[in-house]
Amino acid sequence: MKIIARNLSRSTTEEQLTEAFTQFAELEYCTLVLDKVTGKSKGFGFVEINDDKKALLAIVKLNGTKLDGKVIRVKKLKINKH
DNA sequence: GTTGAGCGT
């Protein structure tokens, strides 16, 4: 299940995202979107988790929590529209 | 060097 984490701090790193999610599930994929020009964080990233139930749990647990001192917004990505 | 809604190098 793909997950997106928005509203991240610009200083938040990919490993911080990883550690946050790894508390609830094993991450299959994790990336932090970086700006092409500055190379800094765009403030959001994507996470992939195999276990859907754990993924949903991680979303609920991490959504609204503070990461790097900032409240983050975690949601599921576009679900199969087919 | 910065910024604050979002669905990706």
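Note that the coordinates shown come from a computational prediction; the quantities given were computed from them, not determined experimentally. Below, chains carry the letters A, B, ... as their sequence lines are ordered, and counting in each starts from 1.
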#### Entry: Rounded distance (Å) that lies between atom C1' of B:dA5 and atom CD1 of A:I72
16 Å

### Query
Once you round it to whole Å, what is the distance between C1' of B:dC7 and CZ of A:R73?
17 Å

#### Entry: Phosphate contact (B:dT9 OP1 or OP2) by A:K42 side-chain N/O below 4.0 Å
yes

### Message
Rounded to whole Å, how long is the line connecting atom CG of A:D35 with atom P of B:dG4?
### Response
15 Å

### Message
In whole Å, I'd like the distance from the CZ atom of A:R10 to the P atom of B:dG4.
### Response
8 Å

### Query
What is the nucleic acid contact for A:L32, judged by heavy atoms within less than 4.0 Å: base, sugar-phosphate only, or nothing?
nothing

### Query
More than 12 heavy atoms of other residues, nucleotides or ligands under 6.0 Å from NZ of A:K61: is that the case?
no

### Query
Please give, in whole Å, the distance from B:dG8 C1' to A:F44 CZ?
6 Å

### Task
Measure the CG-CE distance between A:L56 and A:M1 for me, rounded to the nearest 0.5 Å.
4.5 Å

### Message
Between the base of B:dG1 and the side chain of A:K40, is one N or O donor paired with an acceptor at under 3.5 angstrom?
### Response
no

### Query
Under the criteria of a ring-centre distance below 5.5 Å and an interplanar angle below 30°, is A:F46 stacked with the base of B:dG8?
yes

### Task
Please determine, for the side chain of A:I4, which listed nucleotide (B:dC7, B:dG4, B:dT9) has the closest atom?
B:dC7

### Summary
Atom CG of A:L8 and atom P of B:dA5 are separated, to the nearest Å, by 15 Å

### Length of the line joining A:L17:CG and B:dG8:C1', which is rounded to integer Å
13 Å

### Summary
Per side-chain contact (heavy atoms from CB on, under 4.5 Å), A:K2 is matched among A:V47, A:I49, A:L77 by A:L77

### Length of the CD-C1' vector between A:E48 and B:dG8, whole Å
13 Å

### Query
Do side-chain atoms of A:Q23 reach the backbone of A:A20 as a donor and acceptor pair under 3.5 angstrom?
yes

